[in-house]
Protein chains: 2
Amino acid sequence: MACRAKDPFKDLWALPGGFVGIEESLEECANRKLTEKTGAQNVYLEQLYSFGAINRDPRERVISVAYFSLVPFEKLTFEKQAATEKTQWYAIHQLPTLAFDHRQIIRAAHHRLVAKLEYSTVGLSLLPDAFTLSHVQDMYEIVSGKARDKRNFRKWLLGLNVIEETGGMQSDGAHRPAKLYRRKNPNETSLFR
Amino acid sequence: MACRAKDPFKDLWALPGGFVGIEESLEECANRKLTEKTGAQNVYLEQLYSFGAINRDPRERVISVAYFSLVPFEKLTFEKQAATEKTQWYAIHQLPTLAFDHRQIIRAAHHRLVAKLEYSTVGLSLLPDAFTLSHVQDMYEIVSGKARDKRNFRKWLLGLNVIEETGGMQSDGAHRPAKLYRRKNPNETSLFR
DNA sequence: GCAAAAGTGTTACGCGTACACCCATGG
DNA sequence: CCATGGGTGTACGCGTAACACTTTTGC
């Protein structure tokens, strides 16, 4: 989220965005904007939807082709911009009042992501290079808002044959260390079904 | 398909389309264009994808927000335009060479529709007000290119609870007449799962 | 009577779901 | 030793998939 410095919607938070250059594709533009704002590169990026209601920008007619990205937390370097532009992250269920129709856009993205968790493994793009099975389950539960059975979740996830053990372990705190896993093909979109 | 009278892609077939008016939403524009070309009204319409490659139109930069519609054959009155504009229908697997990136657009629409048949009942929008169970199965098999078991298909379809018998029968040819059905809520998008 | 499509049930298998206890570690 | 999260197997039920014969009609 970036805080708007000017009207309309001054001081409200808005999704990062911008105008498509004449010599870049929609996807290139989305990638460029993403990198400018967050530093993230080579991450999952998907076109979400195009929003074209007549008065969605009170100043003039604007049609927005929305994209969403799945970025591991580690790849974010948003501290850079913190000084110049006010940029901040919000949890999906603690959104402030947003500018334009950006709340609707976020709802659509969230909805899409929840659906995709069920039939694809793109969700793994949200995790770092090495992760524990509990990390994966936590991510699924947080995104979908739905608790899952640990044994069933692991059986399902391992059965997909898309992750493998790194051999490493992660110790954090007063409990048994967890095996670390990695994606077998980090660059595959890996749909299944 | 409309045949292009001018370059670029003169004499090739192209999807109907046009520019969004300043005072209409994307969906209104798609609906307007659809009605102009086919006469269809009040039909299922869904945004497909936005295509924005840099050189997809060799003349100038054009970004297209593609929509697709599901129209029962009976609602088409494309004879009207046949005189003025050359308009024609093609089967999905017998497409001629197309202008621009329109083949890619059709592939995307077909792919989306095949997927939707699995988890929604929008496909029924392609059928007339009254139809037989065999009509439904034929439509599913034609769209998805996949044969289905008659008993399983009927069990599944009737179990969805979205169609009901009209009471009428259809006799056509030297065989047992078939019961006619209709959608219970023709205007519901009726997702399930 | 014969060709052509309509209509109709049962069985088997696989997958998803429910469920509880021991293990390894840090403090 | 205790608190904390990691790790593991089985049984049941439901839904999907496989499968073949009778019925009604027009000619």
Side-chain angles (χ1 to χ4, degrees), chain A residues 114-121 123-124 127-182 190-193, chain B residues 114-121 123-124 127-182 190-193:
Chain A
V114 170
K116 289 223 158 190
L117 288 187
E118 300 293 326
Y119 66 90
S120 85
T121 54
L124 297 176
L127 298 174
D129 292 336
F131 48 82
T132 69
L133 297 182
S134 292
H135 287 155
V136 185
Q137 185 171 351
D138 287 347
M139 182 272 287
Y140 266 75
E141 293 185 345
I142 289 169
V143 172
S144 71
K146 194 175 83 186
R148 299 174 190 238
D149 177 84
K150 183 162 55 161
R151 279 169 295 189
N152 292 337
F153 183 79
R154 287 170 181 225
K155 199 191 317 175
W156 168 79
L157 178 56
L158 294 173
L160 295 176
N161 200 29
V162 294
I163 63 174
E164 61 191 0
E165 298 185 16
T166 66
M169 305 284 280
Q170 165 172 317
S171 305
D172 64 331
H175 54 84
R176 179 172 174 176
K179 284 182 187 170
L180 285 169
Y181 290 80
R182 63 173 157 248
S190 65
L191 288 172
F192 50 91
R193 257 196 202 167
Chain B
V114 169
K116 289 223 157 191
L117 289 186
E118 299 294 326
Y119 66 90
S120 84
T121 54
L124 296 176
L127 298 173
D129 292 336
F131 48 83
T132 68
L133 297 183
S134 292
H135 287 155
V136 186
Q137 184 171 353
D138 288 348
M139 182 270 289
Y140 266 75
E141 293 185 345
I142 289 168
V143 172
S144 71
K146 193 176 82 186
R148 300 176 190 238
D149 178 83
K150 182 160 57 160
R151 280 170 293 188
N152 291 338
F153 184 80
R154 288 172 180 225
K155 200 190 315 175
W156 168 78
L157 178 56
L158 294 172
L160 295 176
N161 200 31
V162 294
I163 64 173
E164 62 191 1
E165 297 185 15
T166 66
M169 304 284 280
Q170 165 171 319
S171 305
D172 64 332
H175 54 84
R176 180 170 173 176
K179 285 183 187 170
L180 285 169
Y181 289 81
R182 63 173 156 247
S190 65
L191 289 172
F192 50 91
R193 258 196 202 169

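Keep in mind that what you see is a predicted model, and the values were worked out from it rather than measured. Note on naming: letters A, B, ... go to the chains in the order of the sequence lines (proteins, then strands), and numbering restarts at 1 for each one.
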Quiz item: Should A:R154 be listed as having a side-chain N or O under 4.0 Å from OP1 or OP2 of D:dG7?
Solution: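 Answer yes for this pair, as a side-chain N or O of A:R154 is under 4.0 Å from OP1 or OP2.
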Quiz item: Nearest 0.5 Å, what's the CD-CG distance between A:E165 and A:L158?
Solution: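 So the CD of A:E165 and the CG of A:L158 are separated by 8.5 Å.
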Quiz item: Does the pair A:L117 and A:V114 meet the rule for a side chain to side chain contact (heavy atoms under 4.5 Å, CB included), with working shown?
Solution: CA-CA 5 Å; A:L117 288 187; A:V114 170; 5.5 Å; no
Quiz item: Between the base of C:dT8 and the side chain of B:K155, is there a donor-acceptor distance below 3.5 Å?
Solution: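 A donor-acceptor contact between them is absent.
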Is any side-chain heavy atom of [X] less than 4.5 Å from a side-chain heavy atom of [Y]?
X: A:Y181; Y: A:L157; result: no
X: A:T166; Y: A:D129; result: no
X: A:K146; Y: A:E141; result: no
X: A:L133; Y: A:F153; result: no

Rounding to a whole Å, what distance do you find between [X]:[atom1] and [N]:[atom2]?
X: B:L180; N: C:dG7; atom1: CG; atom2: C1'; value: 14 Å
X: A:D149; N: D:dG9; atom1: CG; atom2: P; value: 14 Å
X: A:Q137; N: D:dG7; atom1: CD; atom2: P; value: 12 Å
X: A:W156; N: C:dA18; atom1: CH2; atom2: C1'; value: 18 Å
X: B:R148; N: C:dA6; atom1: CZ; atom2: C1'; value: 20 Å
X: B:N152; N: D:dC19; atom1: CG; atom2: P; value: 11 Å
X: A:L158; N: D:dT8; atom1: CG; atom2: C1'; value: 12 Å
X: A:Q170; N: D:dG5; atom1: CD; atom2: C1'; value: 11 Å

Exercise. Give the nucleotide from the list D:dT25, D:dA17, C:dT25 with an atom nearest to the side chain of B:P177.
Key: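 Nucleotide nearest to B:P177's side chain: D:dT25.
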Quiz item: Hey, where does DNA chain C pair up into stems, meaning at least three consecutive Watson-Crick or G-U pairs with distances under 3.5 Å?
Solution: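 DNA chain C stems, ordered by first number: C:1-27 with D:1-27.
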Quiz item: At under 4.0 Å between heavy atoms, what does A:K179 touch on the DNA or RNA strands: base, sugar-phosphate, or nothing?
Solution: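 Here A:K179 touches the backbone only, sparing every base.
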Practice problem: Under the salt bridge (charged side-chain N to carboxylate O under 4.0 Å, His left out) rule, collect the residues that match up with B:R148, sequence neighbours excluded. | Solution: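 B:R148: salt bridge (charged side-chain N to carboxylate O under 4.0 Å, His left out) contacts with B:E118.
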Quiz item: Of all heavy-atom pairs between A:Q137 and A:D149, which one has the smallest distance, and what is that distance?
Solution: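 Heavy-atom minimum between the residues: NE2-C, 4.1 Å.
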Tabulate atom names and distances for all N/O pairs under 3.5 angstrom spanning the protein and nucleotides 1-5 of chain C.
| unit_1 | atom_1 | unit_2 | atom_2 | d |
| --- | --- | --- | --- | --- |
| C:dA4 | N3 | B:A174 | O | 3.2 |

Practice problem: Quick one: sort the B:W156 and B:Y140 rings into parallel, tilted or perpendicular, breaks at 30° and 60°. | Solution: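 Ring orientation of B:W156 relative to B:Y140: perpendicular.
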